[in-house]
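Heavy-atom basis, side chains included; hydrogens, waters and symmetry copies ignored. Numbers restart at 1 for each chain; the letters A, B, ... are given by sequence-line order, proteins then strands. Because the structure is predicted, anything quoted here is derived from the model rather than measured.
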Protein chains: 6
Amino acid sequence: MYSLTVSDHIMIAHSFNGVIFGPAQQLHGATYTVEVTVRRAELDADGLVCDIGLALQTLKSVLGEFNYKNLDDLPALRGRNTTTEFLAGEIFRRMKSRILAGGMGLGTADTLSAMRVRLRESPVAWADYEAALS
Amino acid sequence: MYSLTVSDHIMIAHSFNGVIFGPAQQLHGATYTVEVTVRRAELDADGLVCDIGLALQTLKSVLGEFNYKNLDDLPALRGRNTTTEFLAGEIFRRMKSRILAGGMGLGTADTLSAMRVRLRESPVAWADYEAALS
Amino acid sequence: MYSLTVSDHIMIAHSFNGVIFGPAQQLHGATYTVEVTVRRAELDADGLVCDIGLALQTLKSVLGEFNYKNLDDLPALRGRNTTTEFLAGEIFRRMKSRILAGGMGLGTADTLSAMRVRLRESPVAWADYEAALS
Amino acid sequence: MYSLTVSDHIMIAHSFNGVIFGPAQQLHGATYTVEVTVRRAELDADGLVCDIGLALQTLKSVLGEFNYKNLDDLPALRGRNTTTEFLAGEIFRRMKSRILAGGMGLGTADTLSAMRVRLRESPVAWADYEAALS
Amino acid sequence: MYSLTVSDHIMIAHSFNGVIFGPAQQLHGATYTVEVTVRRAELDADGLVCDIGLALQTLKSVLGEFNYKNLDDLPALRGRNTTTEFLAGEIFRRMKSRILAGGMGLGTADTLSAMRVRLRESPVAWADYEAALS
Amino acid sequence: MYSLTVSDHIMIAHSFNGVIFGPAQQLHGATYTVEVTVRRAELDADGLVCDIGLALQTLKSVLGEFNYKNLDDLPALRGRNTTTEFLAGEIFRRMKSRILAGGMGLGTADTLSAMRVRLRESPVAWADYEAALS
């Protein structure tokens, strides 16, 4: 099994709802380093998992929906705690939509078997969401 | 599948028994960066894999049993080579006990499916132990 | 010249005022990794620049004034753009006050010649403030 | 499941064939950080996945076939795009040959269940190849 | 003294001339992570050392003259060993020209006192060039 | 001013004497990542600060005097607290002796103006010693 990972980052504000979050109930923020890994059984005729330029572009486009924003204000995330693990899942879903729509190359969606999204929130904590792509 | 990882570090002394270890048979030491990953199929109602504060606290408590010690002197490790891979397994077992005892939240033990412990011993070497939690 | 550096991190929200900031005029946030370096010509009788435990504690105490907060709401920072470089200076000033007040050991203030504060805001950008301590 | 990872690096030149590669069709190069992970169900009598010294030596020997070279000139790679993912697979195959030939210890080949090779090409991109060893 | 650092990377091929270079006399390559630090005594009215967006753009523009190229083919570098330290100096000179020409903001050249360029060639080696800007 | 940095690491045991050290009075250990930086006003005719291969070799030779040892047992360090900052100074002195003896190239000693030794003891603490070389 081959995989390719590309990485970018965002800077966002948010707050959490629930006593379990302690001081993180207050409005604060994070720099998230986001790593997206796509998996594929065999390489294509060019020797690639997928076009790395398109992968970086697709990731930047998805992250642009969050970057420099207060996530508490985004209608699509209303009522959700935008924890690191939740955001890993949310970015997975948005990347998957774009891949299925051909954004990482026509036919790429059929060849990638799985994807993992990792968000690093600090030097001592990070979270992943991984699932099949088909 | 979601996962959350927390990290901390310890500074220990130890020596190894067996010619395969060469100069590491002598008393020496290591700074181990320790990363603990717990996995869970779905997030809880707060949007969490588990309480990250409790996870960091539990890890610090387990690592406190080793930190600033000569592992050759610990009765529980008597007669074992405390290699990086062995210690990954040992920290896994101690983390698992605490999780089963409710240390990372009541009921958390039932929701976490697996755990991985990684120890980084130097910029060029690290070891993991991973197993199911149930 | 000897130096000792200790590091910790904070997660904050803020916004900037001025068209030069583009999308960063919106409320967003950052994880700042903060590295504080103190310099000293000769080591003390224990072989130290200063007590590393006290240095980490002092840094955590200063950072606690910002951590999990919206910097736009802090009276002391009212009307300031809390850029990475400004915050490096601000943390320098607060660390210096504590050091002069004996927070890193009685007499330590007389032995440390200079201090540098570095804030890393992302994998591709960081800022420093450095000045004499006397 | 236990694993052990060792790491080293190489500096190579190469070019790619195909419009999908854009400017990377030109002769350019890379520093690849190479991480090799071997997996094993149980530790041996010494508490090891395998001899870490032999693992580092075997990796250096495999990497020596590429280091400080123009990969376009290597007969064994003629007609292939030596992408990061392809090279991960190629280094896997060469590591596997040596392991099967006893290069990482007699009998080690029978105990290691799987191996992963990761190549980091830049701070924002890396690729893996992972497969069973038996 | 304040400073701001921005970072980007390039992938190039080159070879060296002289027996001191050993195997690096052969055509090989490198991923260089490039960090540019500019220094300034006091922050401007916006709380900035300089516009971080312009700094990243200027760096990318300078690096574009080398990225995905064989440095042996560049007329401007003819007859020079493009060692890591030489390239640090060369990127300094090109950054300085652009800064003096107003590329990082009109008037910025007068406020920045010094600049340092660092190139990381591998996890175990890097080189700097630093000089005054005026 | 140009500089070149090379890096390697060691794994040692030691203990400290004095109540200020708290639990670090016990026998423990560390992985030290060691970075040595040498400075030079102008590059030599080959475009170098110094021979990077010789620099890495000289560093490995100095570190070999500590690697896999209990520093408490080394006669040359008897009665000293081998703190991170002390060791930075000690490695500086041993590197300087070798440089003056021609170990990094005949005549190199006359061209290098200064040297800095940095030891990283953990992800959150490191120490430097820097001085002129002449």
Side-chain angles (χ1 to χ4, degrees), chain D residues 5-36 56 59-75 77-78 81-88 118-127, chain E residues 5-36 56 59-75 77-78 81-88 118-127:
Chain D
T5 302
V6 293
S7 175
D8 202 339
H9 61 273
I10 48 172
M11 304 181 83
I12 58 87
H14 59 169
S15 64
F16 297 140
N17 214 327
V19 290
I20 198 173
F21 294 102
Q25 292 172 279
Q26 302 168 139
L27 185 61
H28 63 289
T31 305
Y32 285 118
T33 299
V34 184
E35 303 170 5
V36 173
L56 280 161
L59 176 56
K60 190 171 280 302
S61 155
V62 165
L63 296 184
E65 297 169 5
F66 303 110
N67 202 12
Y68 292 120
K69 297 206 170 138
N70 177 1
L71 304 187
D72 296 356
D73 291 342
L74 299 187
L77 304 177
R78 187 75 34 96
N81 278 320
T82 54
T83 61
T84 307
E85 44 267 62
F86 170 80
L87 287 172
R118 173 168 293 169
L119 266 74
R120 298 184 182 270
E121 70 171 65
S122 83
V124 300
W126 54 94
Chain E
T5 304
V6 294
S7 175
D8 201 338
H9 61 273
I10 47 171
M11 304 180 83
I12 56 89
H14 58 171
S15 63
F16 297 139
N17 215 329
V19 291
I20 197 174
F21 293 102
Q25 292 173 280
Q26 303 168 136
L27 185 61
H28 63 290
T31 306
Y32 285 117
T33 299
V34 183
E35 304 170 4
V36 174
L56 280 160
L59 176 56
K60 190 172 283 299
S61 156
V62 166
L63 296 185
E65 298 169 2
F66 303 111
N67 202 12
Y68 292 120
K69 297 208 170 134
N70 177 1
L71 304 187
D72 296 354
D73 291 343
L74 298 187
L77 305 177
R78 186 76 33 97
N81 279 319
T82 54
T83 60
T84 306
E85 45 268 61
F86 170 81
L87 287 171
R118 173 168 293 169
L119 268 74
R120 298 185 182 269
E121 70 170 63
S122 82
V124 301
W126 53 95

Chemist: Might you work through the side chain to side chain contact (heavy atoms under 4.5 Å, CB included) test for D73(E) and L27(D), ending with a clear yes or no?
Modeler: CA-CA 10 Å; D73(E) 291 343; L27(D) 185 61; 5.7 Å; no

Chemist: Over all heavy atoms of both residues, which pair between H28(D) and M11(E) is shortest? Give the atoms and the distance, please.
Modeler: CB-O, 3.5 Å

Chemist: For I12(D), is it the side chain, the backbone, both, or neither that has a heavy atom closer than 4.5 Å to a heavy atom of chain E?
Modeler: backbone

Chemist: Determine the option with the most heavy-atom pairs under 4.5 angstrom with chain D, choosing from S15(E), A13(E), G22(E).
Modeler: A13(E)

Chemist: Hey, does T31(D) have a side-chain heavy atom less than 4.5 Å from the side chain of R120(E)?
Modeler: no

Chemist: Less than 4.5 Å to any heavy atom of chain D: does that hold for the side chain of E121(E), its backbone, both, or neither?
Modeler: both

Chemist: Could you work out, with side-chain hydrogen bond (donor to acceptor under 3.5 Å, both in side chains) as the rule, every residue matching H14(D), not counting sequence neighbours?
Modeler: T82(D)

Chemist: If I measure from the heavy atoms of chain E, does S122(D) come under 4.5 Å with its side chain, its backbone, both, or neither?
Modeler: both

Chemist: Give the minimum heavy-atom separation between P23(D) and Y68(E), together with the two atoms involved.
Modeler: O-CB, 3.6 Å

Chemist: If the condition is salt bridge (Lys or Arg N to Asp or Glu O under 4.0 Å), which residues does D8(D) pass it with, not counting sequence neighbours?
Modeler: K60(D)

